[in-house]
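Chain identifiers are assigned alphabetically (A, B, ...) following the order of the sequence lines, protein sequences preceding nucleic acid strands; residue numbering begins at 1 within each chain.
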There are 2 protein chains.
Amino acid sequence: METYTIKDIARELGISTSTVSRALRGSYEINAETKRRVMECAERLNYRPNPIALSLKGSASRAIGVILPQIANYFFSQAINGIEAIAYNRGYHVIIFQSQESYEREVANVQQAMSRKVDGLLMSLSSETADVEHLQEVLDRNVPLVLFDRVSSELNVTKVVADNFGGAFAATEHLLQEGRRRIAHLTIQPWLSITQERLAGYRAALEKHGVEFDENLVRYGTFGPDEVGPMIDELMRLDTPPDAFFTASDRLAVGCLQALRQRHLHIPEDVSLIGFTNLNVADLLNPALSTVVQPAQEIGQLAAERLIDQIERKHRALPIETVRIPTELIVRSSTRTEVVNQ
Amino acid sequence: METYTIKDIARELGISTSTVSRALRGSYEINAETKRRVMECAERLNYRPNPIALSLKGSASRAIGVILPQIANYFFSQAINGIEAIAYNRGYHVIIFQSQESYEREVANVQQAMSRKVDGLLMSLSSETADVEHLQEVLDRNVPLVLFDRVSSELNVTKVVADNFGGAFAATEHLLQEGRRRIAHLTIQPWLSITQERLAGYRAALEKHGVEFDENLVRYGTFGPDEVGPMIDELMRLDTPPDAFFTASDRLAVGCLQALRQRHLHIPEDVSLIGFTNLNVADLLNPALSTVVQPAQEIGQLAAERLIDQIERKHRALPIETVRIPTELIVRSSTRTEVVNQ
DNA sequence: CACGTTCCCGACATCGTTTGCACAAATTAA
DNA sequence: TTAATTTGTGCAAACGATGTCGGGAACGTG
């Protein structure tokens with residue numbers, strides 16, 4: 001099958017390309033009969049407008065760019081599903097870029113997306129991203145931008161996030177109610193919004209229950225597969241070692257579970273463990289992992305909806321707001337000291 | 001920051017756009033001094049060529065398209081990582097499309113990718129895809145195409161796959177050596193290449209060990225979350241019910257584990273279970289899941305390498321071949337009848 | 001009959017870049 | 001000195017689609 005252009009239709013019908021163009025987009029100033037013939041011919045040749053040419057002209061590309069740290073991550077892959085679902089329904093294509101947690105690549109991705117003329121951008125910041133100049137440029141160019149999950153307070157745009165404070169508060173309070181007092185918090189880079197909010201929730205719960213905050217129990221990092229173990233060893237060597245772990249990400253929760261088991265620390269007898277995760281096999285783990293679940297798919301959906309709303313009503317600026325979606329605490333064996341039914 | 005074009009440079013320097021264009025790409029027919037001035041100016045304005053315009057011209061876009069069933073899948077997300085790594089090293093951008101296991105969307109994705117002028121296409125077929133006409137078109141347009149994992153025998157292109165036969169053979173033989181005789185095989189759509197190869201490996205192992213093949217023990221399907229349970233009930237009601245399950249995908253392995261546990265069937269005492277999966281938490285499950293591991297990342301890498309080789313040596317056609325990568329059998333508690341050390 | 005409208009439609013410029021060709025100036029050869 | 005060649009540069013077309021003009025035909029109105 002060839003690719004036909006508006007010219008082929010014009011030649012076939014012996015009319016000009018402008019007429020074809022207008023007929024195709026149903027302009028009122030084209031004769032109904034001409035329109036019909038053009039439509040028929042386009043149908044017959046299986047004509048598809050060339051989006052590249054359209055983009056060159058500066059019109060809408062009906063594509064939205066999604067830039068996020070990495071796809072191989074339960075939270076993000078589910079968020080993408082949410083985004084795709086909405087975008088598809090509203091007639092947009094989704095182009096996905098991974099920053100691989102690298103600032104440099106994030107900047108390159110933004111440039112790619114801009115120069116491929118996406119109609120809008122959906123982003124979750126890389127963990128290396130400290131300044132947001134590259135996003136300021138996006139705004140300067142008047143390209144709609146919505147941030148989700150990993151957002152920046154320096155940017156005045158619509159954001160969609162989970163209720164990180166509430167989730168962390170609930171998790172910590174749950175551990176406290178189970179009688180834990182030395183709760184370690186393993187989390188990611190300190191400058192990320194989600195890190196700060198979760199830490200705040202953790203501290204608030206401690207305070208409410210009269211447990212003193214001990215910064216020795218909080219660890220930040222990227223935590224590759226081999227780093228979790230040593231860090232746990234370090235924590236367990238403290239004068240009063242932790243009796244519970246609250247981790248702030250998927251990878252940390254799994255890495256922590258693995259490391260604790262390798263060290264023959266029993267969960268939840270010796271220490272209990274709760275994660276902030278979207279792992280869909282959390283209940284099949286050994287022991288079943290208590291988690292704070294973030295509605296990843298819903299976050300993706302809402303972010304996509306806001307973005308497309310902005311794209312389509314570009315004239316009348318939509319209000320900028322931060323949408324905060326509740327999280328859910330699911331208690332399983334890894335934090336339950338009573339009899340376990342599984 | 002504005003976006004500058006070749007015209008701006010030309011105006012700034014009082015020369016023509018053609019000269020700028022040629023200077024930028026280092027044409028031998030441009031004065032060294034002119035070149036230097038152009039380079040300096042481009043540098044100063046932070047000039048970036050507009051890829052859209054380049055694509056319109058029909059030249060390389062330095063982007064490759066990846067079309068696969070879904071991202072939220074351990075195998076595919078790891079494969080994407082492999083693809084990204086290679087593409088990035090060789091200076092290509094990756095544009096990802098999900099077919100969501102829908103033929104219709106796969107076709108739309110192919111069209112999108114073609115009209116966005118990707119330099120090549122990497123694909124894993126949706127489970128609905130029975131004919132490959134839409135891919136024939138890709139070849140007709142002379143766009144390099146490499147298939148991975150879910151491939152079609154009807155297409156004469158380079159393919160990168162796991163050794164599905166060998167993996168299934170090893171898994172089945174392992175179960176037989178553990179004394180199992182009624183091995184159920186839960187698999188996906190029968191027309192997919194991977195399904196057929198795995199089934200063949202399964203049969204070959206049975207045959208080698210003198211166990212008769214019973215087609216009642218083989219089930220095909222898409223298996224949504226609620227379908228695995230009823231199917232297991234059905235199998236367990238057979239005159240001689242299965243004493244082992246061999247599943248052909250990530251989702252099936254997890255779904256099966258969940259369903260078996262809900263039914264209080266003990267693993268591996270009552271039935272044993274082995275999966276064909278890339279689940280990175282397989283060893284943390286309860287019980288730890290034996291698996292045939294496919295080197296997903298390596299498959300992605302090899303596929304990307306082959307594709308880029310083809311793109312860059314388009315003139316001299318590279319040999320078409322099928323690369324088959326060995327799988328690895330990892331035995332864990334879910335199939336081990338002896339004492340379990342986990 | 002002259003002029004204004006309306007209705008359809010085509011010519012042409014445009015977006016940013018590459019490229020074939022022409023052409024002037026400078027250099028070399030005869 | 002004249003002709004031929006080389007060197008460096010600009011003009012214009014092309015890619016596919018849109019949009020601004022403006023023009024021809026048919027009609028109505030004074």
Side-chain angles (χ1 to χ4, degrees), chain A residues 2-39 41-42 45-63 111-112 114-119 141-143, chain B residues 2-39 41-42 45-63 111-112 114-119 141-143:
Chain A
E2 295 262 337
T3 273
Y4 293 101
T5 75
I6 212 169
K7 271 187 197 162
D8 298 308
I9 300 182
R11 188 165 355 94
E12 181 101 1
L13 265 40
I15 58 182
S16 81
T17 58
S18 356
T19 304
V20 175
S21 171
R22 274 178 291 234
L24 252 16
R25 50 189 35 250
S27 165
Y28 64 93
E29 46 179 4
I30 297 295
N31 187 302
E33 168 62 10
T34 309
K35 268 189 201 170
R36 201 198 48 71
R37 288 173 57 219
V38 170
M39 294 296 192
C41 185
L45 297 184
N46 189 31
Y47 166 79
R48 296 276 172 265
N50 182 333
I52 301 274
L54 290 180
S55 304
L56 225 205
K57 259 310 208 184
S59 61
S61 64
R62 293 203 83 78
Q111 291 218 353
Q112 264 284 309
M114 286 298 93
S115 52
R116 287 191 174 272
K117 292 267 192 297
V118 295
D119 290 345
R141 288 187 199 182
N142 232 14
V143 173
Chain B
E2 296 263 335
T3 273
Y4 293 101
T5 74
I6 212 169
K7 272 186 197 162
D8 298 309
I9 301 183
R11 188 166 355 94
E12 181 101 1
L13 266 41
I15 58 181
S16 80
T17 60
S18 5
T19 305
V20 175
S21 171
R22 273 181 284 241
L24 252 16
R25 51 188 35 251
S27 166
Y28 64 95
E29 46 180 3
I30 297 294
N31 188 303
E33 169 62 11
T34 310
K35 266 188 202 169
R36 200 197 49 69
R37 289 174 56 219
V38 169
M39 293 299 192
C41 184
L45 297 183
N46 189 29
Y47 166 79
R48 295 276 172 267
N50 181 333
I52 301 275
L54 290 180
S55 303
L56 224 206
K57 261 310 208 184
S59 61
S61 64
R62 292 201 83 76
Q111 292 218 352
Q112 264 285 310
M114 286 298 94
S115 52
R116 289 193 172 270
K117 293 266 195 297
V118 295
D119 291 344
R141 288 187 200 180
N142 231 14
V143 173

All side chain to side chain contact (heavy atoms under 4.5 Å, CB included) counterparts of B:Thr34, not counting sequence neighbours = B:Ile15, B:Thr19, B:Ile30, B:Asn31, B:Val38
ask   = Among all residues two or more places apart in sequence or in another chain, which pass the side chain to side chain contact (heavy atoms under 4.5 Å, CB included) test with B:Lys57?
value = none
Spacing between [X] atom [atom1] and [N] atom [atom2], to the nearest angstrom:
X	N	atom1	atom2	result
A:Lys35	C:dC8	NZ	C1'	11 Å
A:Ile30	D:dT18	CD1	C1'	13 Å
B:Asp8	C:dT17	CG	C1'	13 Å
B:Ile9	C:dT17	CD1	P	8 Å
A:Asn31	C:dT6	CG	P	18 Å

inquiry  = Are B:Leu45 and B:Ile9 packed together at the side-chain level, in the sense that at least one heavy-atom pair is separated by less than 4.5 angstrom?
reply    = yes
message = Side chains of B:Met39 and B:Leu24, heavy atoms from C-beta outward: is any pair under 4.5 Å?
response = yes
Report the residues that fulfil side-chain hydrogen bond (donor to acceptor under 3.5 Å, both in side chains) with [X], sequence neighbours left out, ordered by chain and then residue number.
X	value
B:Glu29	none
A:Gln111	none
A:Ser21	none

ask   = For nucleotides 10-17 of chain D, read 5' to 3', which letter fits each nucleotide if B means a protein heavy atom sits under 4.0 Å from the base, S means only the sugar-phosphate is that close, and - means neither?
value = BBB-BBBB
ask   = With a 4.0 Å cut-off on heavy atoms, is A:Ser55 in touch with a base, just the backbone sugar-phosphate, or nothing at all?
value = nothing
query = Roughly how bent is the helix from C:dC1-D:dG30 to C:dA30-D:dT1 end to end, in steps of 10 degrees, with each end axis from five pairs?
reply = 70°
inquiry  = Checking A:Arg48 now: which residues fulfil salt bridge (charged side-chain N to carboxylate O under 4.0 Å, His left out) with it, not counting sequence neighbours?
reply    = none
